[in-house]
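Chain letters run A, B, ... following the sequence lines, proteins first and then strands; every chain starts at 1.
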There are 2 protein chains.
Amino acid sequence: MDVKTLCLAVLSKGQATGYEIKKAFEEGPFSHFQTASFGAIYPALARLTAEGMVTVTVQAQDGKPDKKIYELTAQGRNAFLATLDIQPAPNQIRSDLLFLLFFAEHLPPTRILTLIDARVAAYTAMISQMDDLNAQGNCDPGHQFVRGFGRSVYQAAADYLATHRDTLVAQVSEQHHEAAE
Amino acid sequence: MDVKTLCLAVLSKGQATGYEIKKAFEEGPFSHFQTASFGAIYPALARLTAEGMVTVTVQAQDGKPDKKIYELTAQGRNAFLATLDIQPAPNQIRSDLLFLLFFAEHLPPTRILTLIDARVAAYTAMISQMDDLNAQGNCDPGHQFVRGFGRSVYQAAADYLATHRDTLVAQVSEQHHEAAE
DNA sequence: GGTTGCATGTAAATGGTTACATGATTGT
DNA sequence: ACAATCATGTAACCATTTACATGCAACC
C-alpha cells in the first residue's frame, strides 16, 4: 500500500486537496489503519497527475497558497479498482509499548502503570472518536465494518491492559524481591 | 524502533547469530509485534560491532558459512536499557485487509468471504502458535503479558470477523440490488 | 504573543526491502 | 528432483519521514 494508491483510494470517495487527503488519515475515515505524511502525499499527487490518473483544478485563495483540488480520471478509477485485486499482506503491527512491556522487569513499577494507563486512555479516546464518526452517520457497509472492527480490537486491547496491569506489576515486584535475596 | 535497537533487545536475552535474531521475529518471542529482514539485520550487527555494543565469536562450520555469535558488551547493555526510556509511539497498524474491506462494495461477495475466512484462519493459527509458545513455559512476566495481549487482540479480531462477515455480505448484496433497480 | 488551522511544496537524510550470490544438508 | 533449513552478506532500489520554507487568519 504505497501513498499513491492511498491517494487514489481517498479520491475514489470524491475530490479532495492534498491537505484534505492528509486529514482523511488523521481524523477521517481512513484513520487508524493507514497513514501518510505531506512529504509523501504532495509528490504522489504530482506523479498521479503526470500519469493521467487525476486532474487538478486550481482555486485561487488570498493569503493561503492556491488550493489544488484533485479528482480521479477514468484511468485513475480503473487503476484504483485494479489495486483491490491484491492479496492482502498480513497486518503489520509495530508496537513500541509492547516492546517496552516485554522488558517490564527492567522498568520501574510506576512507569509500567503510567505507560499502561496512558495507553488505556488513548484507546478510550479513539473509541469515542470512532463512535462520533459513526454517529455522524455514514451507512457505507465497508466503512461501518472497518470501524466496528477497530472498535472491537481497541476495546479488547484496553480491557486486557486494564485487567492485567496489576498482575504484571505484582509479578515484576516479586521478581525484584527474589533477586534481592 | 530501528533494527539496531531490535538487535540489542534480542541479544539482551542472550547471545545469538543474525540468523537466530531473524527467527526471534518470525517464530520466537518477538513475533507479531516487530519485524526485521536479513538485509537490515546483518548491516546492523556490523555497525553495532564497530560501535563496541556487541562482540563476535566466529565459529567455523563445514559447508555453511562461519557462524557468528554475537553477545552484548556492557556498553551495549547500557545502550539497550537507555532505549527503554523512550516515550512509546502509538501503535502503528497497516492493514491491507481493512483497506480492501473498506471498499467492500467494489468486491464480489465470494471474494469478501474468502478474504475474511482466510484471515480468521490466520488469526486462529497465530493464537495456537502463541499458546504453544506459552506452554513451552517462559515465566518471564513481560513475555507472558505481551503474549496474553496479542492473544486477546487476535481473538477479538477473529471473533469480529466471524460474527460480522455475513452482515457485511448481506449489506453489500442489498446495495448492489438497489443500484440495479 | 503564541499556537492552531489552513495550504503547498522541496530536499536531505533515513532506513529498509528485495533480489542476488553461495552452498551443504536433510527431508519429501 | 525440489524445497526447505541453515548461514552470511552486498547492493540497487524504493519509499517515507523530517525539517525547512512561506504566510495569513483566528483564537486564546
- Message: Please evaluate residues B:Lys22 and B:Glu26 with respect to the criterion salt bridge (charged side-chain N to carboxylate O under 4.0 Å, His left out), reporting the C-alpha separation (whole Å), side-chain torsions for both, the decisive distance (0.1 Å), and the verdict.
- Response: CA-CA 6 Å; B:Lys22 178 87 195 291; B:Glu26 266 166 9; 2.9 Å; yes
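Rounding to whole angstrom units, CD of residue B:Glu20 and P of D:dT8 are separated by 8 Å. In this entry the distance linking OH of A:Tyr42 with P of C:dA7 reads 9 Å, nearest Å. Atoms OH (B:Tyr19) and C1' (C:dG23) sit 13 Å apart, rounded to a whole Å. Distance B:Met1 CE to C:dG16 C1': 16 Å, rounded to the nearest Å.
The CG atom of B:Asp140 lies 8.0 Å from the CD atom of B:Gln144; values are rounded to the nearest 0.5 Å.
Residue contacts for A:Gly39: at a heavy-atom cut-off of 4.0 Å it reaches a base atom on one of the strands shown. Residue A:Phe25 is out of contact with every strand shown, counting any heavy-atom pair closer than 4.0 Å.
Out of C:dG15, D:dT8, D:dA15, the shortest distance to the side chain of B:Phe38 is found at D:dT8. Distance from the side chain of A:Thr17 is smallest to C:dT8 among C:dT8, C:dG16, D:dA7.
Of the side-chain N and O atoms in B:Ser37, one or more sit less than 4.0 angstrom from OP1 or OP2 of C:dT17. Here B:Lys68 does not reach the OP1 or OP2 of D:dT8: none of its side-chain N or O atoms lies under 4.0 Å away.
Under a 4.0 Å N-O distance rule, the pair A:Lys13/B:Glu105 qualifies as a salt bridge.
In this structure, the helix from C:dG1-D:dC28 to C:dT28-D:dA1 shows an angle of 50° between the axis at its start and the axis at its end, each fitted on 5 base pairs and rounded to 10°.
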